[in-house]
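Report on one structure; see the data block that follows.
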Amino acid sequence: MSATGEWGEFFPINLSPFAYNETAANDQLPLSKEIVIASGLKWLDPVPVQNAEMPISEIEDSIAETKEDITTQILKCSSSQKNYKIIKSEFDFYKEHSLPIPRKCFNERFLDRMKKRSANFLYSRNCHNCSVQMYSSYPTSRPEKVFCEKCYLENVY
Ligand SMILES: [Zn+2]
């Protein structure tokens, strides 16, 4: 490996057991299927959608009225139209916390959370408390107050 210059390098991406579009790389830098394939990477086509056994409209709004047999049903995501299931431990969690059964599949819920995250960019800001110059993932247009580490630890933490 030393002779070929491979020593200390990352494993080549073509050895990855995962397709590009099922990794966090695709969340941060989405690429089209054509570009991924042309780059010599793997691409995972979606599994064909089955007819849902339970239409979204039949899912109860209240977990108290939801029967446990929903864990045996194939559901269809209200956003992506992909199939998903609710497993027993997930059902128990929703029941314990009085949360309704989600109408979206896991991946769509993950993407919704990703949209709420700050961008991968740091803005020059001033601490709300002491005005020291610092960097924050929140731009000045956001309403949140930002604190330097010292002020945060003294006042907030
Ligand atoms: Zn400060």
Minimum side-chain heavy-atom gap [X]-[Y] below 4.5 Å:
X	Y	value
F110	D27	yes
W43	D45	yes
T140	R125	yes
I86	P102	yes
I59	L75	yes
R109	R113	yes

Under the side-chain hydrogen bond (donor to acceptor under 3.5 Å, both in side chains) test, residues paired with [X] that sit two or more places apart:
X	result
D92	K88
E154	K150
E144	R142
T4	E6

Write out all pairs satisfying ring pair (Phe, Tyr, Trp, His ring centres under 6.0 Å) with one or both partners inside residues 9-34, taking only residues at least two apart or from two chains. none
With sequence neighbours left out, which residue pairs that include part of residues 73-93 fulfil the ring pair (Phe, Tyr, Trp, His ring centres under 6.0 Å) condition? F93-H97
Could you list the cluster mates of [X]? Members are the ILVMFWY residues connected by side-chain heavy atoms closer than 4.5 Å, either directly or through other members.
X	result
V146	M134, Y138
Y135	L122
I87	none

Has T66 got a side-chain atom pairing as donor or acceptor with S62's backbone, closer than 3.5 angstrom? yes
Distance in Å, [X] [atom1] paired with [Y] [atom2], rounded so as to fall on 0.5 Å steps:
X	Y	atom1	atom2	result
C105	L111	SG	CG	8.0 Å
K85	Q73	NZ	CD	8.5 Å
N120	Q28	CG	CD	4.5 Å
I101	I63	CD1	CD1	3.5 Å
I56	C77	CD1	SG	7.0 Å
K42	T23	NZ	OG1	11.5 Å

Are more than 12 heavy atoms from other residues, nucleotides or ligands located less than 6.0 Å from atom NZ of K145? no
Minimum heavy-atom separation for [X] to [Y], with atom names?
X	Y	answer
K104	D112	NZ-OD2, 2.8 Å
E22	P17	OE2-O, 4.4 Å
T72	D69	OG1-O, 2.6 Å
A64	K95	O-NZ, 3.9 Å

Using salt bridge (Lys or Arg N to Asp or Glu O under 4.0 Å) as the criterion, list what pairs up with R103, not counting sequence neighbours. D61
Could you state whether V36 and L44 fall into the same hydrophobic cluster, counting links through intermediate Ile, Leu, Val, Met, Phe, Trp or Tyr residues with side-chain heavy atoms under 4.5 angstrom apart? no
For Y123, the ring pair (Phe, Tyr, Trp, His ring centres under 6.0 Å) test, sequence neighbours excluded, returns F121
For F147, check ring pair (Phe, Tyr, Trp, His ring centres under 6.0 Å) against everything at least two apart and list the hits. H128
